[in-house]
Amino acid sequence: MTSYAGRGVHGQVVQWLGARIVAGDLAEGDILDVRALGEDLDVSLTVMRESLKVLAGKGLIDARQKRGTFVRPRSAWNLLDADVIRWRMAGGDGERLMRDLTDIRAVVEPAAAHRAALRRTDADLAALDAALAAMEGARGDLEAEAEADASFHRALLTATANELLARLDLVLEPGLRERDRLVHGRGDADDPVPSHRRVLQAVRDRDAPRAERAMLDLLAKAAEDLGTATTQRA
């Protein structure tokens, strides 16, 4: 889920084209005149081709003989890609993205907390403790807060001792990071540490029902904070 933002000329082309596609400025089926775009952006054909390879890898475009390079339908996009998520947030599709994220977290994370309480190891507890400590020390630093929060939820999934559940961090984490930036960017967001600590304590105590309830409470508060941040942003 590599982000290409800020990676020189190549990254700027990926950013510009990707954002336009996701925002709908370039619609499904539109043909891209690669040479003309390169001239407009004042970049070489080599840079254009490499940039288009990146966008193809994200499912945004494809190329066919006799048809050329064209924008693929939304159903083909890699909606879990970190750049696609960021472009959706910037392009007016953030509300739908956050709604979907809230929904999938409600399905996955309470059950994960329940299983983590039953299966966690001392190493899992150490990872959760470290993430919580990082969260405590990150207040006011948006990127550090997002990283600490992602680390906690990643460690919780790992503590389920289920390899497939553990890899759901690939689904949750990019959206979670954008959610954290939105919520904590307000400057007056509530401290997330207490709700996470309650989850951790229940996992430490091997109290699976309490861990599940604590996660449900955490998610309810997260949804409330997100609603407030979204309203203020609008």
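Side-chain contact check for L182 versus M89: some heavy-atom pair is nearer than 4.5 Å. Two residues are said to be in side-chain contact when any heavy atoms from C-beta on lie closer than 4.5 Å; R72 and L55 fail this criterion. With contacts defined as side-chain heavy-atom distances shorter than 4.5 Å, the pair E145/D180 does not qualify. L200 is listed as a side-chain neighbour of D129, based on a closest heavy-atom distance under 4.5 Å. Taking 4.5 Å as the limit, every side-chain heavy atom of L164 sits out of range of all side-chain heavy atoms of L168. V43 has its side chain out of reach of H10: every pair of non-hydrogen atoms, C-beta onward, lies at least 4.5 Å apart. Proximity of R210 to D205: side-chain heavy atoms (C-beta onward) are separated by under 4.5 Å at one or more points.
Taking hydrophobic clusters as Ile, Leu, Val, Met, Phe, Trp and Tyr residues chained together by side-chain heavy-atom distances below 4.5 Å, L41 shares a cluster with L60. Cluster membership for L216 and V203, using ILVMFWY side-chain heavy atoms within less than 4.5 angstrom, is not shared. Hydrophobic clustering keeps L157 apart from L132 (ILVMFWY residues linked when any side-chain heavy atoms are closer than 4.5 Å, directly or through intermediates). Follow the hydrophobic side-chain contacts under 4.5 Å out from L17 and you reach L45 in the same cluster. Linking ILVMFWY side-chain heavy atoms closer than 4.5 Å, directly or via other members, places I31 and I21 in two distinct hydrophobic clusters.
The CG atom of L26 lies 6.0 Å from the CG atom of L32; values are rounded to the nearest 0.5 Å. Residue L128 holds its CG atom at 8.5 Å from CZ of R204, rounded to the nearest 0.5 Å.
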For this session: I would like to know whether E173 and H153 meet side-chain hydrogen bond (donor to acceptor under 3.5 Å, both in side chains); could you show each step before the answer?
Result: CA-CA 8 Å; E173 190 168 319; H153 290 274; over 6 Å; no
For this session: For the pair V14 and E50, evaluate side-chain contact (heavy atoms from CB on, under 4.5 Å) and give the outcome as yes or no after the intermediate values.
Result: CA-CA 9 Å; V14 171; E50 290 302 313; over 6 Å; no
For this session: Just do the side-chain contact (heavy atoms from CB on, under 4.5 Å) check on V13 and V54 with the steps written out, would you?
Result: CA-CA 10 Å; V13 174; V54 173; over 6 Å; no
For this session: Would you check, one step at a time, whether the test salt bridge (charged side-chain N to carboxylate O under 4.0 Å, His left out) holds for D93 with R96?
Result: CA-CA 6 Å; D93 197 26; R96 178 179 178 181; 5.0 Å; no
Exercise. Does the pair E178 and R181 meet the rule for a side-chain contact (heavy atoms from CB on, under 4.5 Å), with working shown?
Worked result: CA-CA 5 Å; E178 292 298 328; R181 292 185 185 106; 3.0 Å; yes
For this session: Output, in order, the C-alpha distance, side-chain angles, deciding distance and verdict of side-chain contact (heavy atoms from CB on, under 4.5 Å) for D217 and R198.
Result: CA-CA 10 Å; D217 290 343; R198 284 189 287 273; 5.8 Å; no
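Residue A82 comes nearest to P174 through the heavy atom pair CA-CB, 4.2 Å, listed as atom of the first residue, atom of the second, then distance. For the residue pair A229 and V183, the shortest heavy atom distance occurs at CB-CA, 4.0 Å. When all heavy atoms of A202 and A117 are compared, the pair lying nearest together is O-CB, 4.1 Å. Closest of all the heavy-atom pairs between A155 and A127 is CB-CB, 4.0 Å. Heavy-atom minimum distance, A113 versus M215: CB-CB, 3.9 Å. When every heavy atom of N162 is checked against every heavy atom of L165, the shortest pair comes out as OD1-N, 3.0 Å.
Counting non-hydrogen atoms of neighbouring residues, nucleotides and ligands closer than 6.0 angstrom, the CG atom of D40 exceeds 12 such neighbours. Summarising the local packing, CG of D191 is surrounded by more than 12 heavy atoms from other residues, nucleotides or ligands at distances under 6.0 Å. Few gaps surround CD on E136; more than 12 heavy atoms of other groups in view lie less than 6.0 Å from it.
At distances below 3.5 Å, not a single donor-acceptor pair connects side-chain atoms of R67 with backbone N or O atoms of A63. Counting only distance, with no hydrogens or angles, the side chain of W77 and the backbone of I61 share no donor-acceptor pair below 3.5 Å. Side-chain N or O atoms of H114 include none that pairs as donor or acceptor with a backbone N or O of P110 at under 3.5 Å. In terms of modelled atom types and a separation under 3.5 Å, the side chain of D124 and the main chain of T121 share a donor-acceptor contact. Although no hydrogens or angles enter the test, the distance criterion places no donor-acceptor pair under 3.5 Å between the side chain of R120 and the main chain of A159. A donor-acceptor pair is defined here as one N or O able to donate and one able to accept, closer than 3.5 Å; no such pair exists between the side chain of E109 and the backbone of L219. Judged by distance alone, with hydrogens and angles left aside, the side-chain atoms of N78 form a donor-acceptor pair with the main-chain N or O of L80 at under 3.5 Å.
A salt bridge links D169 with R167: the closest approach of a Lys/Arg side-chain nitrogen to an acidic carboxylate oxygen falls below 4.0 angstrom. Ion pairing of D33 with R35 is absent here, as no side-chain N (NZ or NE/NH1/NH2) approaches a carboxylate O to less than 4.0 Å. A salt bridge does not link E143 to R177: none of the charged nitrogens lies less than 4.0 Å from a carboxylate oxygen. Salt bridge present: D225 and K221 bring a charged side-chain N and a carboxylate O closer than 4.0 Å.
Between the side chains of H184 and D149, no donor-acceptor pair is found at a separation under 3.5 Å. Side-chain polar atoms of E224 and T228 form no donor-acceptor pair below 3.5 angstrom.
Remark: R154 fails to qualify as a cation-pi partner of F152 under the 6.0 Å distance and 45° angle criteria applied to the six-membered ring.
Under the side-chain hydrogen bond (donor to acceptor under 3.5 Å, both in side chains) criterion, no residue pair touches residues 16-29, with sequence neighbours excluded.
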